[in-house]
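This report concerns only the one structure given below.
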Amino acid sequence: MELFTPDFGLVFWMFVAFILLFIVLAVWGWPVIVKMMDARASKIDQGVEDARKAKEQLDNARAEAQKFVKEAQARQAELMREANKMKSDIIEEARKEAAKAAQKEMDAAKVAIDQARKQAELQFRNEVGSFSIEIAEKMLRTQMKSDKAQTELVNKLLDEIEKN
């Protein structure tokens, strides 16, 4: 039953030990613990402040990145407009050059056709003249079978030559 009802001496020494422990902790323990808790609290506060600053910097960086993206998109749109304009200019220039080349080809073809036509006409005239001479020669041979008719024709031609 001693365990349930302690003696007065045991209680007294337990009380003295508690007081001594309380004094030792109050003098050396609590100030260190409080100091460490304050340091931890200030470290946490500093961490929160750093996190707030980092969040501000991140927000600023995002805003700046958005600004750069918008500028890049505007520049890209400008470059696309310039590229489209250059493309249409190049296409138009190519069309003009193609039209000029086609016109030159047409002109060259017309000249070639005219030359071929003139050559064909000249050849046709030569052939018609050759046929005419052959026909005239055959007619003259049939008409001039006699020497008298031939002599009269030669004399007539000589008279015409002398007049000219």
Side-chain angles (χ1 to χ4, degrees), residues 25-164:
L25 285 177
V27 172
W28 290 294
W30 288 112
V32 172
I33 292 173
V34 170
K35 186 176 169 185
M36 289 173 67
M37 288 178 61
D38 288 343
R40 178 74 178 140
S42 69
K43 192 173 184 181
I44 290 172
D45 290 343
Q46 183 65 35
V48 169
E49 184 65 25
D50 289 345
R52 188 188 59 77
K53 286 180 182 177
K55 185 180 181 302
E56 280 182 16
Q57 288 176 350
L58 181 64
D59 290 343
N60 290 340
R62 283 184 182 158
E64 193 171 323
Q66 283 289 15
K67 183 178 87 172
F68 285 140
V69 166
K70 285 181 183 178
E71 287 176 7
Q73 287 173 344
R75 181 69 177 141
Q76 179 186 15
E78 171 111 10
L79 289 174
M80 291 298 290
R81 281 193 297 275
E82 288 177 12
N84 285 336
K85 185 179 183 295
M86 286 175 62
K87 178 184 82 169
S88 62
D89 290 346
I90 290 170
I91 289 172
E92 187 62 31
E93 186 176 325
R95 283 184 184 155
K96 287 179 182 178
E97 288 180 14
K100 285 180 184 178
Q103 187 61 40
K104 285 182 182 178
E105 290 291 324
M106 293 290 285
D107 292 343
K110 284 180 183 178
V111 168
I113 290 171
D114 285 343
Q115 288 176 349
R117 184 180 50 81
K118 286 178 182 177
Q119 188 176 8
E121 285 177 3
L122 181 63
Q123 185 178 3
F124 180 72
R125 285 182 185 174
N126 287 339
E127 288 181 15
V128 168
S130 170
F131 289 139
S132 297
I133 289 173
E134 285 180 21
I135 291 171
E137 182 182 340
K138 287 181 182 179
M139 287 178 57
L140 279 175
R141 281 186 193 201
T142 58
Q143 289 178 358
M144 303 263 182
K145 285 189 177 178
S146 68
D147 287 337
K148 182 180 175 190
Q150 289 178 4
T151 308
E152 284 178 15
L153 180 61
V154 169
N155 286 335
K156 182 180 175 187
L157 287 174
L158 288 173
D159 287 340
E160 284 181 14
I161 291 173
E162 286 178 3
K163 288 180 184 176
N164 289 336

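For reference, positions follow the sequence shown, starting with 1.
- Here CE of Met80 is found 15.5 Å from NZ of Lys85. Values are rounded to the nearest 0.5 Å.
- Here Glu64 does not pair with Lys67 in a salt bridge; the nearest charged N to carboxylate O distance is not below 4.0 Å.
- Salt bridge annotation for Asp114-Lys118: absent, with no cationic side-chain nitrogen under 4.0 angstrom from a carboxylate oxygen.
- Considering all non-hydrogen atoms of both residues, Ala26 and Pro31 come closest at O-CD, 3.4 Å.
- The CG atom of Asp50 sits 11.5 Å away from the NZ atom of Lys43 when rounded to the nearest 0.5 Å.
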Without placing hydrogens or testing angles, list every side-chain donor-acceptor pair under 3.5 Å for residues 91-98, not counting sequence neighbours.
none

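- Annotation: side-chain hydrogen bond (donor to acceptor under 3.5 Å, both in side chains) contacts of Glu56 (sequence neighbours excluded): Arg52.
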Practice prompt. May I have the step-by-step check of side-chain contact (heavy atoms from CB on, under 4.5 Å) for Arg75 and Glu78, ending in yes or no?
Written response: CA-CA 5 Å; Arg75 181 69 177 141; Glu78 171 111 10; 4.0 Å; yes
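- With a 4.5 Å cut-off on side-chain heavy atoms, Val128 and Ser132 count as touching.
- Atoms CD and CD1, on Gln115 and Ile113 in that order, are 11.0 Å from each other to the nearest 0.5 Å.
- Salt bridge status for Glu121 with Arg117: present, with a side-chain N to carboxylate O gap under 4.0 Å.
- The distance from atom CD of Gln46 to atom NZ of Lys53, rounded to the nearest 0.5 Å, is 6.5 Å.
- To the nearest 0.5 Å, atoms NZ (Lys87) and CD1 (Ile90) are separated by 10.5 Å.
- If you check the side chains of Asp107 and Gln103, you find a donor sitting under 3.5 Å from an acceptor.
- Salt bridge annotation for Lys55-Asp59: present, with a cationic side-chain nitrogen under 4.0 angstrom from a carboxylate oxygen.
- Annotation: the span from Lys163 atom NZ to Glu160 atom CD amounts to 7.0 Å, rounded to 0.5 Å.
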